[in-house]
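Here the structure is a predicted model, which means the values were calculated and not measured.
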Amino acid sequence: MTHYAESSGGGRARSRLQGGRSTRIHSIDFDPVGELSGFPLIVYPECGLDRVVEGRTKKEGENQGRLYFKCARNTYSKVCGYYRFEKQYFQKLKDDGVIVVRPSNWA
């Protein structure tokens, strides 16, 4: 069964976590979406300082190439320590109601 993620803006995309290709969730006047994941890039609520940004790990090892999300203020100064890999970020979006996952046969 295929699942779709629906943004608060009404757009919908299959999650790569559930076998979908990386497609964008389109929304108007809502959170921008990441070019790599298609997930909404929310303002991290714990610090409220900036939007989450996405990237791929470059450090060699078991996590090399994995998609991650972090607060834009989580740089050298570590003003905010938010850093999550794709699966944990996707779960946060679901838990917070930013996206809704429904079966593909849902009408």
How about L41 and V53: do any of their side-chain heavy atoms sit closer than 4.5 Å? no
Beyond-backbone contact of P40 with L93, side-chain heavy atoms, under 4.5 angstrom: yes
Determine the interplanar angle of the Y89 and F39 rings, folded into 0 to 90°, and report it as parallel if under 30°, tilted if 30 to 60°, perpendicular if over 60°. tilted
To the nearest 0.5 Å, how far apart are OG1 in T57 and CG in N63? 6.0 Å
Would you check if the side chain of R56 reaches a backbone N or O of G65 as a donor-acceptor pair within less than 3.5 Å? yes
Heavy-atom pair of closest approach, residues K58 and Q64: O-NE2, 3.6 Å
What I'd like to find out is whether the side chain of L67 reaches to under 4.5 Å of the side chain of F90, using heavy atoms alone. no
Suppose we call two aromatic rings close when their centres sit under 6.0 Å apart. Are Y82 and Y44 close by that rule? yes
With a 4.5 Å cut-off on side-chain heavy atoms, are E86 and Y68 touching? no
cation_pi(R66, F85) dist<6.0 Å, angle<=45: yes
If only side-chain N and O atoms count, and only distance matters, is there a donor-acceptor pair under 3.5 Å linking E54 with S37? yes
Decide yes or no on side chain to side chain contact (heavy atoms under 4.5 Å, CB included) for I42 and V98, but give the supporting numbers first. CA-CA 9 Å; I42 62 172; V98 175; 4.1 Å; yes
Quick one: pull up CD in Q91 and CD1 in I99 and give me the separation to the nearest 0.5 Å. 9.0 Å
